[in-house]
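Below is one structure, written out as structure tokens; the observations come after it.
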Amino acid sequence: MRSFPSRARHLHPLRSLAAACALVLLLSGCQSLGTDGLASSNAPAELSGPAASAIAGDMVSRLAEQIGPGTASVSLKQDSSPFGQALEAALKGWGYAVVTDQKTDGAARTVPLAYVVIPFEGQVLARLSTNSVELGRAYTVTTTGAQPASALSVMKRG
């Protein structure tokens with residue numbers, strides 16, 4: 001009788017991808033919403049400074065492609081994580097004025113921004129959200145920083 005190799009080992013990458021997609025969908029629906037409809041910012045405190053800077057730099061460069069570089073003040077919902085600090089520095093580096101907890105006058109164009117960074121299966125999933133666009137990407141974290149591990153996901157709203 002002829003034995004066939006198990007298909008289970010060939011399906012493992014598909015199962016991992018399906019599990020990651022399911023987790024992202026579940027977590028995106030479970031985020032607590034602020035007063036303007038964006039998720040509350042959250043990132044793990046154990047993310048290293050170099051990794052946080054690499055992820056923030058990449059995500060802000062992609063955000064600038066969507067909303068234009070330095071075209072508005074960014075109202076950042078921030079936590080005290082290394083990623084929150086790195087994101088603020090990256091935004092300023094791209095020419096954005098960053099408002100964290102102050103009120104702004106109605107005359108200036110302000111873009112509310114929130115972020116979520118979640119460790120998952122040896123990678124980190126990062127998401128930036130504004131009222132008009134949401135960006136997401138997976139990263140592989142190393143001792144010297146982080147590298148993109150997936151294509152950029154862009155969702156534009158109305």
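Not measured: the values here are computed from a predicted model.
Under a 3.5 Å cut-off, the side chain of Arg127 and the backbone N or O of Val116 do not form any donor-acceptor pair.
Atom OG of residue Ser61 and atom CG of residue Leu152 lie 8.5 Å apart, to the nearest 0.5 angstrom. Atom CZ of Arg157 sits about 8.0 Å away from atom OG of Ser132, to the nearest 0.5 Å.
Two residues are said to be in side-chain contact when any heavy atoms from C-beta on lie closer than 4.5 Å; Val74 and Thr130 fail this criterion.
Of all heavy-atom pairs between Arg137 and Ser150, the closest is NE-O, 3.1 Å. Taking both residues in full, the closest heavy atoms of Tyr115 and Ser81 are given as OH-OG, 4.0 Å, listed atom of the first, atom of the second, then distance. Of all heavy-atom pairs between Met59 and Ala126, the closest is CE-O, 3.8 Å.
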Under 3.5 Å, sequence neighbours excluded: what are the donor-acceptor pairs made by side chains of residues 82-94?
| unit_1 | atom_1 | unit_2 | atom_2 | d |
| --- | --- | --- | --- | --- |
| Glu88 | OE1 | Gln78 | NE2 | 3.3 |
| Glu88 | OE2 | Lys92 | NZ | 3.2 |

Return a table of donor-acceptor pairs under 3.5 angstrom between the side chains of residues 43-56 and protein atoms on other chains or two or more places apart.
| unit_1 | atom_1 | unit_2 | atom_2 | d |
| --- | --- | --- | --- | --- |
| Ser48 | OG | Ala51 | N | 3.3 |
| Ser53 | OG | Gly49 | O | 3.1 |

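Checked against salt bridge (Lys or Arg N to Asp or Glu O under 4.0 Å), Arg62 has the following partners two or more places apart in sequence or in another chain: Asp58, Glu65. With sequence neighbours excluded, the residues forming a side-chain contact (heavy atoms from CB on, under 4.5 Å) with Gln66 are Val133, Leu135, Val154, Lys156, listed by chain and number.
Judged as a ring-ring contact (aromatic ring centres under 6.0 Å, His included), not a single pair has a partner in residues 139-158 (not counting sequence neighbours). Judged as a ring-ring contact (aromatic ring centres under 6.0 Å, His included), not a single pair has a partner in residues 57-82 (not counting sequence neighbours).
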query = For Leu128 and Leu113, what are the C-alpha separation, side-chain angles and deciding distance, and is it a side-chain contact (heavy atoms from CB on, under 4.5 Å)?
reply = CA-CA 7 Å; Leu128 293 183; Leu113 177 67; 4.1 Å; yes
